[in-house]
2 protein chains.
Amino acid sequence: MENKGLQVVQSGERTNTEGKPVSNLILLSISDSDYSSLRPHLEYVSLPNHLVLHEGGGKLEFAYFPNRGLISLVVAMKDGRTAEAGLVGNEGFTGTPASVGLSRSPLQAVVQITGDGFRVEVGALQETLESAPHLQLMLSRYAVVQGMQVAQTAACNRLHGIEQRLVRWLLMTQDRVDSESLPITHDFLATMLGTDRPSVSLAAGVLQKKKLIEYTRGAVKIVNRKKLEDSACECYGITQQYNGELGLK
Amino acid sequence: MENKGLQVVQSGERTNTEGKPVSNLILLSISDSDYSSLRPHLEYVSLPNHLVLHEGGGKLEFAYFPNRGLISLVVAMKDGRTAEAGLVGNEGFTGTPASVGLSRSPLQAVVQITGDGFRVEVGALQETLESAPHLQLMLSRYAVVQGMQVAQTAACNRLHGIEQRLVRWLLMTQDRVDSESLPITHDFLATMLGTDRPSVSLAAGVLQKKKLIEYTRGAVKIVNRKKLEDSACECYGITQQYNGELGLK
DNA sequence: CCATGTATGTAGGATGCCCTACAGACCATC
DNA sequence: GATGGTCTGTAGGGCATCCTACATACATGG
């Protein structure tokens with residue numbers, strides 16, 4: 001990729017100091033001056049499957065801006081049971097507390113689908129933010145939208161059954177990784193959906209019989225996206241709609 | 001309370017242009033200059049029980065800063081079923097999207113316990129924020145903390161039973177209204193907890209038999225706060241802890 | 001005091017889900 | 001092709017909760 005000049009970098013053409021291209025939408029959307037301030041702190045990282053970026057309850061060390069792949073924000077209870085609160089793809093970042101001067105988060109951040117991206121030390125990010133109002137706004141805005149989506153998840157978790165929640169997860173995931181085949185096991189789906197593995201297998205079996213999905217060991221393929229959307233609960237449409245409020249893409 | 005200097009305004013001494021005293025903690029925590037900018041837009045309002053401040057899915061007209069009482073943020077599904085995503089007392093405000101330049105929210109805001117407070121038109125708030133960085137920071141920070149609490153609620157909704165969720169709701173509510181008696185019906189509790197009324201009555205009956213609470217028509221009294229805390233799920237402690245991160249009070 | 005509306009008590013059946021357990025299938029490695 | 005590890009299929013018991021229905025108690029206004 002070429003570098004057109006010292007100030008102006010067009011969308012899709014930004015790189016970090018290592019020359020790695022940026023496709024995270026937040027990093028692409030901010031002003032040139034804000035990006036220049038942040039750029040020296042962006043460290044390219046690969047995000048392999050199941051890597052834990054942050055343990056729930058601890059101090060945040062880095063904020064992550066994914067280029068590709070998918071990160072899950074998970075609440076883990078003491079007894080080991082878990083439930084997913086949110087998903088982060090290339091439209092967002094992890095470590096929302098860092099964007100408002102806080103440094104701890106109760107959420108575990110786990111790579112759910114292999115990808116790559118950039119990380120920034122929380123301290124460096126916070127310093128940068130003081131003179132990068134546009135970045136500050138975009139991060140805060142993302143945090144708020146994510147909060148609304150989490151709220152919808154809270155209600156969905158309470159009011160909707162496993163099959164519907166599985167459908168929603170598949171749709172939201174596919175929105176963030178443009179592939180019809182999602183590399184994920186039933187076991188991990190159970191972690192996300194806050195249930196046990198047999199319940200996932202059962203629900204997935206039903207969807208497969210309906211010819212909405214197909215799956216093999218470790219991968220779920222979406223074969224009829226449209227019908228899948230039709231059978232999703234309203235929660236999917238709502239979260240998607242508020243994602244659009246971000247004005248990215 | 002004494003006034004220590006020209007910059008610092010001590011808690012409990014601020015008023016709006018109508019002379020109404022402020023006890024909302026955000027409004028008390030911001031700098032003098034930021035408060036002066038916002039002050040002309042603060043309209044005193046009483047917040048009677050069950051008043052709907054905002055319907056889910058619509059445009060936000062006002063942001064509300066409660067002095068007393070309690071506001072619930074509720075997700076309402078098309079079929080009429082509901083679940084609460086968050087609580088707002090005098091430590092917070094409603095309308096987090098307005099703090100980042102957005103104007104719509106999927107959440108319904110309902111007064112759950114009578115109180116009073118101030119409201120600001122969304123447009124006026126957003127204009128004010130442009131030159132009120134401290135206020136901007138506090139609002140964003142509150143939005144993020146609220147998001148983390150909502151995430152815990154999402155997991156709690158999935159993983160914990162009605163009785164535990166009821167305990168948590170009672171504790172969180174009492175934290176925001178300093179009274180041992182909470183004016184609330186089982187029916188409204190059902191709306192909050194995303195279940196039906198008989199299930200609430202059953203769970204409340206169990207707690208009453210354990211002598212943790214007492215209730216009569218339309219009111220729940222907490223008679224043994226400590227034991228109630230002991231029987232709460234870990235979710236309560238976590239949300240409370242992150243509320244502390246706000247640095248208010 | 002009565003009538004009406006609202007709040008709570010309670011019960012029984014249906015259901016969805018969790019839990020445990022085990023069997024079968026696939027995969028990688030040697 | 002054998003072996004151990006991981007993933008999925010499936011079943012049955014148990015349980016919480018949902019749903020419906022109705023009874024009872026309280027409150028308010030006439």
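Labels below follow one simple rule: chain letters A, B, ... track the order of the sequence lines, proteins then strands, and each chain is numbered from 1.
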Separation of atom [atom1] in [X] from atom [atom2] in [N], rounded to whole Å:
X: His160(B); N: dA16(D); atom1: NE2; atom2: P; value: 15 Å
X: Leu207(A); N: dT8(D); atom1: CG; atom2: P; value: 14 Å
X: Leu193(A); N: dG16(C); atom1: CG; atom2: C1'; value: 16 Å
X: Phe188(A); N: dC7(D); atom1: CZ; atom2: P; value: 8 Å
X: Asn157(A); N: dT17(D); atom1: CG; atom2: C1'; value: 16 Å
X: Arg165(B); N: dA16(D); atom1: CZ; atom2: P; value: 14 Å
X: Leu166(B); N: dA16(D); atom1: CG; atom2: C1'; value: 16 Å
X: Glu163(A); N: dC18(C); atom1: CD; atom2: P; value: 14 Å

Base, sugar-phosphate alone, or nothing: which one does Gly205(A) contact when heavy atoms must sit under 4.0 Å apart? nothing
Looking across every strand, which nucleic acid part, if any, lies under 4.0 Å from Leu202(A) by heavy atom: base, sugar-phosphate, or nothing? nothing
Cation-pi between Arg119(A) and Phe65(A): NZ/CZ under 6.0 Å from ring centre and within 45° of the ring axis? no
Over 12 foreign heavy atoms within 6.0 Å of CD, Gln241(B): yes
Flag the pair [X] and [Y] as a salt bridge only when some basic side-chain nitrogen lies within less than 4.0 angstrom of an acidic carboxylate oxygen.
X: Lys210(A); Y: Glu163(A); value: yes
X: Arg197(B); Y: Asp187(B); value: no
X: Asp175(B); Y: Arg225(B); value: yes

Verify the contact: side-chain N or O of Ser199(A) to OP1 or OP2 of dC18(C), cut-off strictly under 4.0 Å; return yes or no. yes
Encode nucleotides 2-8 of chain C as B, S and - characters from 5' to 3', where the letter depends on protein heavy atoms closer than 4.0 Å: B to the base, S only to sugar-phosphate, - to neither. ---BBSB
Heavy atoms from C-beta onward define the side chain here; which of dT10(C), dC18(D), dC18(C) lies closest to that of Pro198(B)? dT10(C)
Could you walk me through whether Glu84(B) and Arg158(A) pass the salt bridge (charged side-chain N to carboxylate O under 4.0 Å, His left out) check? CA-CA 10 Å; Glu84(B) 185 184 71; Arg158(A) 192 67 211 55; over 6 Å; no
Mind checking whether Tyr44(A) and Phe118(A) have parallel, tilted or perpendicular rings, split at 30° and 60°? perpendicular
